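Heads up, the thing below is written out as C-alpha cells.
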Amino acid sequence: MGQLKSKIAGVGYYLPETVIKNSDLELLMDTSDAWIQERTGIQERRYGKAHEETTTTMGAKAAEIAIQRAGINKEDIDFIIFATLSPDYFFPGCGVLLQRELKINSKEAPALDIRNQCSGFIYGLSIADQFIKSGQYKNILLVGSEMHSMGLDFSSRGRNVTVIFGDGAGAVVIQPTDSDGILNTVLHSDGTYAEELAFINPGCHGGYHIGKESFGYTDQNYGGIFLTEKMWKEQMIFPNMNGPLVFKTAVVKFQEVILEGLQKAGLKADDIDLLIPHQANLRISQFIQQKLNLRDDQVWNNIQKYGNTTAATIPIALGEAWEAGKIKEGDLICMAAFGSGFTWGSVLLRW
Ligand code: UT7
C-alpha cells in the first residue's frame with residue numbers, strides 16, 4: 001500500500017435565518033448600500049439569534065450534516081479541530097463545547113482549537129491532513145464557525161469592519177483515501193502587521209506591543225487588568241482593520257500561495273476546476289481571478305449573500321458548490337485564504 005492520503009469525505013454548512021441587508025445597516029451607522037456594494041460586493045449577510053445561537057451551536061449544525069454526508073456516525077469522530085475568531089468563551093475553546101453539543105464526549109476524543117482567523121479552515125485542513133497521513137486518526141471533524149454579530153461595533157466608527165462580516169458555520173469530515181485526495185497544503189504567516197487587523201481588547205497584553213498609555217494602563221499594575229477603564233469608556237473593545245493595507249497585501253499573497261501549491265504539484269492555474277477563495281471582498285476575488293486568468297465558472301463567490309464569515313467561509317462555499325454539482329469526482333479544487341495575523345495558505349486537492 002502506498003503512502004496514506006486524506007480526503008474530504010463530507011461537507012456541511014449552516015447559515016442562520018436572519019438576513020441583514022445593507023439597508024438595515026444604513027439605519028444603524030453612516031453607511032450606504034451603494035458604498036458597501038461598490039467596495040465589497042456584499043448585498044446582505046446573516047446574523048445568528050443572540051442568546052440562542054452561538055459559534056458552537058452553529059458549528060454543531062454544520063458538523064451534523066458533514067458527518068451524515070461522510071456516511072459515518074458522530075461517535076466515529078476521533079479528533080475535533082475547531083477554527084474561529086469569535087469563540088463562545090475566551091477559554092475553554094469551542095472544540096470541547098462542540099463535543100458536548102454533539103453529545104460525543106463519552107469517547108473522550110481530543111479537541112483542538114485554532115486561532116488563525118480567515119485562514120483558520122486552511123490551517124485546520126493542513127493539520128488534519130498530517131494526522132490522517134500519520135495514521136493516527138481516521139475520522140477528523142474540522143469546523144469553522146463565527147458568530148461575529150455579537151462582537152461588532154454598530155456605531156459609525158466601526159463601519160469599515162462591521163459591514164463586511166456575517167455569521168455562519170461550515171464543517172468537513174476528513175478521512176484516509178487510496179486515491180489522490182489532498183495533494184498539498186501551503187501555510188504562511190508574518191506577524192509584522194499583527195495589529196492591523198485585530199481584536200485586541202480585552203486581553204492580557206498589558207500594553208506591551210503598542211504602549212501601555214494607549215490602553216490606559218498605569219505604572220505598577222500587577223494584574224487583574226484585563227479591561228481598563230479607558231478601554232471601556234472609549235469603546236476600544238471591537239475589531240479594527242487597516243483595510244487598504246490588508247487589501248494590498250491580500251491580493252499579492254493570495255496569488256503567491258495558490259501558485260506555490262500548484263507548482264509543488266506540477267500543475268498550473270489553468271488546471272484548476274474550481275478555485276474557492278476566502279470571501280473577504282469580491283474585488284479581491286476578482287483581482288485574483290484576473291491575475292490567474294481563470295474563467296467565471298472556475299471561481300466560486302458567495303460573499304454577495306453572506307459577507308465575510310472568516311473561518312466558516314471556505315467550508316460554506318465548498319458545501320454550496322458541492323450541492324450545486326460544481327464539484328465532481330476527480331476535479332482539481334484549490335482553496336486559499338488570507339487574513340489577520342497576517343496568516344495565509346492554500347490547499348490543493350483532487351475530489
Ligand atoms: O477577511 C480578512 C481580510 N480582510 C480583507 O481582506 C479586507 C480588505 N480590505 C477591504 O476589503 C477594504 O479595504 C474595505 C472594504 C475594508 C474598505 O474599502 P476601501 O476602498 O479600502 O476604503 P477605505 O478604508 O480606504 O475608506 C475610504 C472611505 C473613507 O472615507 P474618507 O476618509 O475617504 O472620507 C472611509 O471612512 O470610505 C469610508 N468608509 C465607509 N463609508 C461608508 C469606510 N467604511 C465605510 C462604510 N460606509 N461602511
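Just so you know, ligand 1 is whichever comes first in the structure, and atom 1 is the first atom listed for that ligand. Positions are given from 1, in the same order as the sequence printed here. Keep in mind the model is a prediction, meaning the values are calculated, not measured.
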Hey, does Arg39 come in under 3.5 Å of ligand 1, counting only N/O atoms on both sides?
yes
My understanding is that we take every heavy atom of each candidate and find the minimum distance to atom 21 (O) of ligand 1. Doing that for Gly307, Ala280, Pro244, which one comes out nearest?
Pro244
Atom 2 (C) of ligand 1: which protein heavy atom is closest, and how many Å away?
Cys118 SG, 3.0 Å
So is Thr310 touching ligand 1 or not, going by heavy atoms under 4.0 Å?
no
Protein heavy atoms: any of them under 4.0 Å from atom 32 (O) of ligand 1?
no
State plainly whether the residues Asp30 and Arg159 are in salt-bridge range, i.e. N to O under 4.0 Å.
yes
Does the N or O separation between Ser340 and ligand 1 drop below 3.5 Å for any pair?
no
Under 4.0 Å from any heavy atom of Thr40, which atoms of ligand 1 are there?
15 (C)
Ligand 1 contact by Arg283, heavy-atom criterion under 4.0 angstrom
yes
Aromatic plane relationship, Trp344 with Phe338 - under 30° parallel, 30 to 60° tilted, over 60° perpendicular:
tilted
Interfacing atoms of ligand 1 (cut-off 4.0 Å, heavy-atom, Asn160)
16 (C), 43 (C), 44 (N)
If the contact criterion is a heavy-atom separation under 4.0 Å, does Met29 count as touching ligand 1?
no
Nearest to atom 30 (O) of ligand 1, what protein heavy atom do you find, and at what distance?
Arg159 NH2, 4.3 Å
One thing to verify: whether Lys21 and Asp24 come together as a salt bridge, which I'm taking to mean a side-chain N less than 4.0 angstrom from a carboxylate O.
no
Rounded to the nearest 0.5 Å, how far apart are CG of Leu349 and SG of Cys334?
8.5 Å
Return a yes/no value: protein heavy atom under 4.0 Å from atom 45 (C) of ligand 1?
yes
So which heavy atom in the protein is nearest atom 12 (C) of ligand 1, and how far is it from that ligand atom?
Asn281 ND2, 4.0 Å
Are any of the heavy atoms in Val161 under 4.0 Å away from ligand 1?
no
Give the numbers and elements of all ligand 1 atoms closer than 4.0 Å to a heavy atom of Leu197.
2 (C), 3 (C)
Of the protein's non-hydrogen atoms, which lies at the shortest distance from atom 28 (C) of ligand 1, and what is that distance?
Trp35 NE1, 4.3 Å
Is the shortest distance from a Lys or Arg side-chain nitrogen in Glu53 or Lys49 to a carboxylate oxygen in the other one below 4.0 Å?
no
Spacing of CG belonging to Leu274 relative to CH2 belonging to Trp300, to within rounding of 0.5 Å:
7.5 Å
Would you say Met147 and Met58 make side-chain contact, with heavy atoms under 4.5 Å?
yes
Return a yes/no value for Ser32: is any of its N or O atoms, backbone included, closer than 3.5 angstrom to an N or O of ligand 1?
no
Going by heavy atoms in the side chains, are Asp190 and Thr249 under 4.5 Å from each other?
no
I would like to know whether Gln43 and Tyr306 meet side chain to side chain donor-acceptor pair (under 3.5 Å); could you show each step before the answer?
CA-CA 8 Å; Gln43 294 165 9; Tyr306 310 130; over 6 Å; no
Are Glu320 and Lys305 within salt-bridge range, i.e. N to O under 4.0 Å?
yes
Step by step, would you call His205 with Phe215 a ring pair (Phe, Tyr, Trp, His ring centres under 6.0 Å)?
CA-CA 10 Å; His205 55 79; Phe215 297 99; 4.5 Å; yes
Just by distance, no angles: are the side chains of Asn22 and Glu26 close enough, under 3.5 Å, to form a donor-acceptor pair?
no
Run down the list Asn308, Val251, Val246 and name the one with the heavy atom closest to atom 5 (C) of ligand 1.
Val246
Against heavy atoms of Met241, which atoms of ligand 1 measure under 4.0 Å?
4 (N), 7 (C), 16 (C)
Sub-4.0 Å heavy-atom contact, Ile36 with ligand 1
no
Quick one: look up the protein heavy atom nearest atom 47 (N) of ligand 1 and list residue, atom name and how far away it is.
Thr31 OG1, 2.7 Å
What are the atoms of ligand 1, with element, lying closer than 4.0 Å to any heavy atom of Ile284?
6 (O)
Look only at interatomic distance and state if Gly243 has a nitrogen or oxygen under 3.5 Å from any nitrogen or oxygen of ligand 1.
yes
Subset of ligand 1 atoms that lie under 4.0 Å from at least one heavy atom of Val163:
48 (N)
If you measure from the Lys or Arg side-chain nitrogens to the Asp or Glu carboxylate oxygens, is any gap between Arg69 and Glu323 under 4.0 Å?
yes
Atom CD1 in Ile303, atom CG in Leu282: separation rounded to 0.5 Å?
6.5 Å
